[in-house]
Amino acid sequence: MTFKVFLQYILPHRALSRVVYWATRWTFAPWKNFLVSQIVRRYKVNMAEAAQPDPLAYPHFNAFFTRKLRPDARRADAAPTALLAPADGRISQAGPILDGRIFQAKGQQYTAAELLGDEAAVAPYRHGRFVTIYLSPRDYHRVHMPLRGELRETVHIPGRIFSVAPFAVEAIPRLFARNERLVCHFEGEHGPFAVVMVGAILVSSVATVWDGLVIPPYASSVRRKSFAGQNISLDRFSEMARFNMGSTVIVLLPEGSAELDALSPQQAIKVGERLGELRHI
């Protein structure tokens, strides 16, 4: 175990994340300008895509980090049956779910039941497909719908807040099934699907378009919220949530609902680009 991985086990995850949550909302100009400038310079953030291209015009760091893009900066794949990328970032892994098991990295797997926090919810996905996308600090941090769906339920699952950077994904067993996360269950024209927003150290804050800020507060037990009968329907490519700072999005699809394209680990991807082809089941 490397020292960097060892630190992941001993650091006070939630305390650090709470400090960062408030620090990234401090409007003191010298502070927020320093943070913004550091990220823009270090990660070569493309501000030309932003609706507000001046990085120092944002009132605080989190406003910069969750910035809107110009309307023409991202386009949905024109094919109506294309499965869309829900986030900017890089493919962490993608492929088949094998008898309920999901590939994390070489030598690492976890179960869909662990990820969803519910054995019964796994049934449609036991032999389905998954796509995991990692968002780095340079990426656009709003998450969009991979296909059209009606919101059925959200499940806020407590957990650790390990880093989701590649070094941690490769070394920490069952990382995505151990971190704090928000599971969003949808019903679509091609069957059910789930979009899982996975928190990470220093960045565990998630807001949705239907409920506003959901994390924090951090959960001490599983929190379910039903949206059945509320007619919350989101179109393909529409914004559904955002990470206040970055993390990981995992999409689960039921057996036979889609064929994924040849997606490679570390492949760069942008919102709206094609991940595969939807099939009627």
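This chain uses plain numbering: 1 for the first residue, then up along the sequence. Computed from heavy atoms alone, side chains included, the values below leave out hydrogens, waters and symmetry copies. Owing to the predicted nature of the structure, the values given are computational and were not obtained by experimental measurement.
The cluster map of Ile, Leu, Val, Met, Phe, Trp and Tyr, joined by side-chain heavy atoms under 4.5 Å apart, puts Leu213 and Val143 in different clusters. In the hydrophobic clustering of ILVMFWY residues, with side-chain heavy atoms under 4.5 Å counting as a link, Val271 and Leu147 come out apart. Residues Val251 and Leu278 share a hydrophobic cluster, clusters being chains of Ile/Leu/Val/Met/Phe/Trp/Tyr side chains in contact below 4.5 Å. The hydrophobic cluster containing Ile91 also contains Leu83, counting ILVMFWY residues as joined when their side-chain heavy atoms lie under 4.5 angstrom apart, directly or transitively. Leu56 and Ile39 fall within a single hydrophobic cluster, where Ile, Leu, Val, Met, Phe, Trp and Tyr side chains are chained together by heavy-atom contacts under 4.5 Å.
Side-chain N or O atoms of Asp77 include none that pairs as donor or acceptor with a backbone N or O of Glu273 at under 3.5 Å. Listed for the Gln108 side chain is no donor-acceptor partner under 3.5 Å among the backbone atoms of Ala105. With hydrogens and angles ignored, the 3.5 Å screen pairs no side-chain donor or acceptor of Ser238 with any backbone N or O of Leu234. The backbone N or O of Glu114 sits less than 3.5 Å from a side-chain atom of Thr111, completing a donor-acceptor pair. Using a distance-only test at 3.5 Å, with no hydrogens or angles considered, a donor-acceptor pair links the side chain of Trp31 to the main chain of Ala23. His190 places no side-chain N or O within donor-acceptor distance of the main-chain N or O of Thr81, the cut-off being under 3.5 Å. Glu187 contributes no side-chain N or O that, together with a main-chain N or O of Gly149, makes up a donor-acceptor pair within less than 3.5 Å. Remark: the backbone N or O of Leu115 is paired with a side-chain donor or acceptor of Arg181 at under 3.5 angstrom. Although no hydrogens or angles enter the test, the distance criterion places no donor-acceptor pair under 3.5 Å between the side chain of Gln93 and the main chain of Ile133. The backbone N or O of Asp54 sits less than 3.5 Å from a side-chain atom of Gln52, completing a donor-acceptor pair.
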(message) Between Gln8 and Ser163, does the side-chain contact (heavy atoms from CB on, under 4.5 Å) criterion hold? Intermediate values first, please.
(response) CA-CA 7 Å; Gln8 293 298 310; Ser163 170; 3.4 Å; yes
(message) Using the rule given for side-chain contact (heavy atoms from CB on, under 4.5 Å), can you reason through Leu135 versus Thr248, listing the C-alpha separation, both sets of side-chain angles and the distance that settles it, and then say yes or no?
(response) CA-CA 6 Å; Leu135 292 76; Thr248 293; 5.7 Å; no
(message) Run Leu98 and His127 through side-chain contact (heavy atoms from CB on, under 4.5 Å) and show every step you take.
(response) CA-CA 6 Å; Leu98 302 175; His127 300 286; over 6 Å; no
(message) Checking Phe193 against Tyr125 for the ring pair (Phe, Tyr, Trp, His ring centres under 6.0 Å) test, could you report, in this order, the C-alpha distance in whole Å, the side-chain angles of both residues, the deciding distance, and whether it holds?
(response) CA-CA 8 Å; Phe193 64 97; Tyr125 309 112; 9.0 Å; no
(request) Go through the steps to decide whether Ser136 and Tyr134 satisfy the test side-chain contact (heavy atoms from CB on, under 4.5 Å), and finish with yes or no. (result) CA-CA 6 Å; Ser136 79; Tyr134 165 66; 4.1 Å; yes
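A pairwise comparison of heavy atoms in Ala112 and Val122 identifies C-CG2, 3.7 Å as the closest pair. Across every non-hydrogen atom of Arg279 and Glu259, the tightest pair is NE-CG, 4.1 Å. Looking at every heavy atom in both residues, Gly272 comes nearest to Leu84 through O-CD2, 3.3 Å. Nearest approach of Val249 to Pro86, heavy atoms of both residues: CG1-CG, 4.0 Å. Contact detail for Ala121 and Leu116: the closest heavy-atom pair is O-CD1, 3.9 Å. Scanning all heavy atoms of the two residues, the minimum distance from Ala94 to Leu263 falls at CB-CD1, 3.9 Å.
Annotation: side chain of Phe227 is in contact with side chain of Lys225 (closest heavy-atom distance under 4.5 Å). Between Val45 and Pro55 there is no side-chain heavy-atom pair separated by less than 4.5 Å. Between Val5 and Ile172, some side-chain heavy-atom pair lies under the 4.5 Å cut-off. Looking at heavy atoms from C-beta onward, Thr208 lies out of side-chain contact with Leu151 at the 4.5 angstrom threshold. Annotation: side chain of Val198 is in contact with side chain of Ile250 (closest heavy-atom distance under 4.5 Å). Within the 4.5 Å cutoff, the side chain of Thr132 has heavy atoms near those of the Phe176 side chain. Using a 4.5 Å cut-off on side-chain heavy atoms (C-beta onward), Thr154 and Val183 make no contact. You'll find the side chain of Ile102 stays beyond 4.5 Å of the side chain of Gln109, heavy atoms only.
Under the side chain to side chain donor-acceptor pair (under 3.5 Å) criterion, Arg178 pairs with no residue at all, not counting sequence neighbours.
Under the 4.0 Å criterion applied to side-chain N and carboxylate O atoms, Asp235 and Arg148 are assigned as salt-bridge partners. Contact check on Glu119 versus Arg126 returns a salt bridge, with a Lys/Arg side-chain nitrogen under 4.0 Å from an Asp/Glu carboxylate oxygen. Taking a cutoff of 4.0 Å between a charged side-chain nitrogen and a carboxylate oxygen, Arg70 and Asp72 qualify as a salt bridge. Comment: Glu170 does not engage Lys106 in a salt bridge, judged by the lack of any side-chain N to carboxylate O separation of less than 4.0 angstrom. A salt bridge links Arg14 with Glu180: the distance from a Lys NZ or Arg NE/NH1/NH2 to an Asp or Glu carboxylate oxygen falls below 4.0 Å. A salt bridge between Glu49 and Arg67 is absent, with no side-chain N of the basic residue lying under 4.0 Å from a carboxylate O of the acidic one. Under a 4.0 Å N-O distance rule, the pair Glu153/Arg224 qualifies as a salt bridge.
If you take CG on Leu35 and CG on Asn33, they are separated by 9.0 Å, rounding to the nearest 0.5 Å. One finds the CZ atom of Arg129 at 13.5 Å from the CG atom of Leu275 (value rounded to the nearest 0.5 Å). Taking OG of Ser264 as the start and CZ of Arg90 as the end, the distance is 11.5 Å to the nearest 0.5 Å. Atom CG of Asn244 sits about 12.0 Å away from atom OG of Ser17, to the nearest 0.5 Å. Taking CD1 of Ile157 as the start and CG of Leu182 as the end, the distance is 8.5 Å to the nearest 0.5 Å. Atoms OG and CZ, on Ser37 and Phe64 in that order, are 8.5 Å from each other to the nearest 0.5 Å.
A donor atom on one side chain and an acceptor atom on the other are not found under 3.5 Å apart for Asn62 and Thr24.
Outside the 6.0 Å centre-distance limit, the rings of His141 and Phe243 are not counted as a close aromatic pair. Checked against the 6.0 Å centroid threshold, His13 and Tyr9 do not count as a close aromatic pair.
More than 12 heavy atoms of other residues, nucleotides or ligands shown are found within 6.0 angstrom of CZ on Phe167.
When the options Arg242, Arg74, Lys270 are evaluated for a salt bridge (charged side-chain N to carboxylate O under 4.0 Å, His left out) with Asp88, the one that passes is Arg74.
Sorted by first and then second residue, the salt bridge (Lys or Arg N to Asp or Glu O under 4.0 Å) pairs involving residues 131-142 (not counting sequence neighbours) are Arg142-Glu239.
Remark: Arg18 is not positioned above the aromatic ring of Tyr21, lacking an NZ or CZ atom under 6.0 angstrom from the ring centre and at most 45 degrees off the axis.
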